[in-house]
Amino acid sequence: MFCDLQVERQCWRMCGRTSCHLPRDVLTRACAYRDRQGYQQLPEWRDPDKYCPSYNKTPQSNNPVLLSRLHFEKGADSSERIIAPMRWGLVPSWFKEDDPSKLQFNTTNCRSDTMMEKLSFKVPLGRGRRCVVLADGFYEWQRCQGTSQTQPYFIYFPQIKTEKLGSIGAADSPEEWEKVWDNWRLLTMAGIFDCWEPPKGGDILYSYTIITVDSCKGLNDIHHRMPAILDGDEAVSKWLDFGEVSTQEALKLIHPTENITFHPVSPVVNDSRNNTPECLVPVDLPVKKELKASGSSQRMLQWLATKSPKKEDSKIAQKEESDVPQWSSQFLQKSPVPTKRGSAGLLERWLKQEKEEPLAKRPHFQ
């Protein structure tokens, strides 16, 4: 393990690294939603060429966010959604310099308890500039007690096994759109965006910040802050629909959630130049001898001792959910929480698909 300068900075700044690796067409299907009339819809893209899939996204990179169509088209239905790549790290509309990198303060995240006190966040929020940041999940680093080292974790929604897991083909008809996506459930984080125009002219820059809240009990031993996660399409719809849902009402959605799971990953993710599925693969951590392992933990450790996630054959990958090792807070030193069903097993199968179709061979959007 190592902790480079960039990771040291991430240790105190939450959230500072995500993964969003899906190709553009697949990401679109993962964001299927119902409009105000209850019809299944797929969001349209704005500036799609600015999206670049990656397992290791950092601040100042372009990342996909959902927002209301009404932000771009007067008279549009505010419940309709657009996907747009935006710069991570909000540049306020009132910023007067000609270079966004000259912004003297960090806007990667904004604290929910102080965002209404700071013009950088209060002004765009008052204008309804709410967005939902999309990701496979995010990374966080836990400080190792008594050392300067850190252990990275990948944090994401618990995943649900379905009969059609792995099927990401296009639907034949609108009636089938509900079945378009039954693969990895994307993490949906509440964000604020703004529009900045260069003083000397040029293209408008769209940028965003991720709202953070106090960490839930399950994640508190990793970090004391977490993103404000919107759990479910109803919460996503209310946050985006600024035409119908007031700021005051939308802010009621900003709170910690316990519906989250995680597992330790390799220090390979510490270097943001590493952009491979290895960033997400679960790794084994030493377990204290005095810690009495549960039955599921013992099976997990036995599996780890004999099988490498990288070399697991397809037969084992298709085992029943009850036989799949569970990954969660049994890896932490204290404050354990119940594990989430099947998430890591589904992650293994999901990553196996990535090995069959490497990122380098997929459509790459600059």
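Residues: numbered from 1 along the sequence shown. Not measured: the values here are computed from a predicted model. The analysis underlying the following values was restricted to heavy atoms, covering all of them including side chains, and did not include hydrogens, waters or symmetry mates.
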Original post:
Would D233 and R81 satisfy salt bridge (Lys or Arg N to Asp or Glu O under 4.0 Å), going step by step from the backbone distance to the final call?
Top reply: CA-CA 12 Å; D233 196 64; R81 302 177 189 178; 3.1 Å; yes
Original post:
R129 versus D194: any side-chain heavy-atom pair under 4.5 Å?
Top reply: yes
**OP:** Mind checking the OG-CD spacing from S246 to E244? Nearest 0.5 Å is all I need.
**Re:** 11.0 Å
**OP:** In sequence, state the C-alpha distance, the side-chain angles, and the governing distance for T257 and N259, and then conclude on side-chain hydrogen bond (donor to acceptor under 3.5 Å, both in side chains).
**Re:** CA-CA 5 Å; T257 178; N259 187 29; 5.3 Å; no
Original post:
Is it the case that R225 and T212 place a side-chain donor and acceptor less than 3.5 Å from each other?
Top reply: yes
Original post:
Do I82 and P43 come close enough that some side-chain heavy atom pair is under 4.5 Å?
Top reply: no
Subject >> Test side-chain hydrogen bond (donor to acceptor under 3.5 Å, both in side chains) applied to S79 and R69, step by step >> reply: CA-CA 8 Å; S79 71; R69 180 188 293 276; over 6 Å; no
Original post:
Do the non-hydrogen side-chain atoms of I229 and L187 ever get within less than 4.5 Å of each other?
Top reply: yes
Original post:
If you measure from CE on M226 to CG on D214, what distance do you get to the nearest 0.5 Å?
Top reply: 10.5 Å
Original post:
Parallel, tilted or perpendicular: which fits the ring planes of F154 and Y156, with parallel below 30° and perpendicular above 60°?
Top reply: parallel
Original post:
With distance as the sole criterion, is a donor-acceptor pair present between the side chains of N274 and N56 under 3.5 Å?
Top reply: no
Original post:
Can you name the nearest heavy-atom pair linking M115 to S112, along with the distance?
Top reply: CG-O, 3.7 Å
Original post:
Distance from L27 atom CG to C20 atom SG, nearest 0.5 Å?
Top reply: 5.0 Å
Subject >> Test item: V213 and I254 side chains (from C-beta on) under 4.5 Å apart, heavy atoms >> reply: yes
Subject >> K238/D231 salt bridge by N-O under 4.0 Å criterion >> reply: no
Original post:
Any donor and acceptor pair, going by atom type alone, linking the side chain of H71 with main-chain N or O of G128 inside 3.5 Å?
Top reply: yes
Subject >> Where P152 and S266 come nearest, the two heavy atoms and their spacing >> reply: CG-O, 3.7 Å
Original post:
Any sub-3.5 Å donor-acceptor pair from E97's side-chain atoms to F95's backbone N or O?
Top reply: no
Original post:
Under a 4.5 Å cut-off applied to non-hydrogen side-chain atoms, are V245 and R130 in contact?
Top reply: yes
Original post:
Under 4.5 Å between any side-chain heavy atoms of P282 and V265, yes or no?
Top reply: no
Original post:
Is the closest side-chain heavy-atom distance between I211 and C110 below 4.5 Å?
Top reply: yes
**OP:** Walk me through it: do L219 and I155 pass the test side chain to side chain contact (heavy atoms under 4.5 Å, CB included)?
**Re:** CA-CA 9 Å; L219 294 181; I155 304 168; 4.0 Å; yes
Original post:
Should F242 and V236 be regarded as members of a common hydrophobic cluster, given that ILVMFWY residues are connected when their side-chain heavy atoms come within less than 4.5 Å of each other, either directly or indirectly?
Top reply: no
Subject >> Cluster check V133, L125: I/L/V/M/F/W/Y, side chain < 4.5 angstrom >> reply: yes
Subject >> Nearest heavy-atom neighbours spanning S68 and S78 >> reply: OG-O, 2.8 Å
Subject >> Intermediate values then yes/no, side chain to side chain contact (heavy atoms under 4.5 Å, CB included), L90 and I192 >> reply: CA-CA 8 Å; L90 186 145; I192 302 169; 4.3 Å; yes
Original post:
Counting only heavy atoms not in Q248, do more than 12 fall under 6.0 Å of its CD?
Top reply: no
Original post:
Going by distance alone, is a donor N or O of one side chain under 3.5 Å from an acceptor N or O of the other, for D99 and S101?
Top reply: yes
**OP:** Kindly determine whether F193 and V65 satisfy side chain to side chain contact (heavy atoms under 4.5 Å, CB included), including the steps that lead there.
**Re:** CA-CA 9 Å; F193 76 93; V65 305; 6.0 Å; no
Subject >> Flag if over 12 foreign heavy atoms under 6.0 Å of NZ, K96 >> reply: no
**OP:** Mind checking the CG-OH spacing from D47 to Y206? Nearest 0.5 Å is all I need.
**Re:** 8.0 Å
Original post:
Quick check: does any side chain N or O of E278 sit under 3.5 Å from a backbone N or O of V268, one acting as donor and the other as acceptor?
Top reply: no
**OP:** Compare every heavy atom of L205 with every heavy atom of R87, then report the nearest pair and how far apart it is.
**Re:** CD-CD2, 3.9 Å
**OP:** Work out which heavy atom in T18 is nearest to a heavy atom in A135; give both atom names and the distance.
**Re:** CB-CB, 4.1 Å
Original post:
Do W141 and N270 have side chains that get closer than 4.5 Å, going by heavy atoms?
Top reply: yes
Original post:
Are L134 and L22 in one and the same hydrophobic cluster, where Ile, Leu, Val, Met, Phe, Trp and Tyr link if side-chain heavy atoms are under 4.5 Å apart?
Top reply: yes
Subject >> Between S237 and R34, a side-chain donor and acceptor under 3.5 Å >> reply: no
Original post:
If only atom types and distance count, is the side chain of E249 paired as donor or acceptor with the main-chain N or O of W239 below 3.5 Å?
Top reply: no
Original post:
Run the side chain to side chain contact (heavy atoms under 4.5 Å, CB included) check on W45 and D25 step by step: do they pass?
Top reply: CA-CA 10 Å; W45 278 81; D25 61 331; over 6 Å; no
Original post:
When you measure from the side chain of K122 to the backbone N and O of T114, does any donor-acceptor pair fall under 3.5 Å?
Top reply: no
Original post:
Any side-chain donor-acceptor pair under 3.5 Å between Y153 and H223?
Top reply: no
**OP:** Would you please test W196 and S207 for side-chain hydrogen bond (donor to acceptor under 3.5 Å, both in side chains) and show each step?
**Re:** CA-CA 8 Å; W196 175 76; S207 59; over 6 Å; no
**OP:** Might you point out which heavy atoms bring R46 and P85 nearest each other, and give the distance in Å?
**Re:** O-CD, 3.1 Å
Original post:
Does any donor atom in the side chain of Y208 or N63 lie under 3.5 Å from an acceptor atom in the other side chain?
Top reply: yes
Original post:
Does any donor atom in the side chain of N62 or W88 lie under 3.5 Å from an acceptor atom in the other side chain?
Top reply: no
**OP:** Please answer whether the main-chain N or O of D221 pairs with a side-chain N or O of Q142 as donor and acceptor at a distance below 3.5 Å.
**Re:** yes
Original post:
Should we count CD of E73 as having more than 12 external heavy atoms under 6.0 Å?
Top reply: yes
Subject >> F105 with L119, same ILVMFWY side-chain cluster at under 4.5 Å >> reply: yes
Original post:
For V269, does its backbone N or O pair with a side-chain atom of R17 as donor and acceptor, under 3.5 Å?
Top reply: yes
Original post:
If you measure from SG on C31 to CG on L186, what distance do you get to the nearest 0.5 Å?
Top reply: 5.5 Å
Original post:
Is there a path from L103 to I210 through hydrophobic residues (I, L, V, M, F, W, Y) whose side chains come within less than 4.5 Å of each other?
Top reply: no
Subject >> Reported OH-to-OH distance for the pair Y39 and Y33, which is rounded to 0.5 angstrom >> reply: 14.0 Å
**OP:** Report yes or no: do H21 and D136 form a side-chain donor-acceptor pair below 3.5 Å?
**Re:** yes
Original post:
Can you list the steps and then say if F157 with W184 is a ring pair (Phe, Tyr, Trp, His ring centres under 6.0 Å)?
Top reply: CA-CA 9 Å; F157 269 139; W184 193 262; 9.9 Å; no
Original post:
Within the side chain of T209, is there an N or O that forms a donor-acceptor pair under 3.5 Å with the backbone of T107?
Top reply: yes
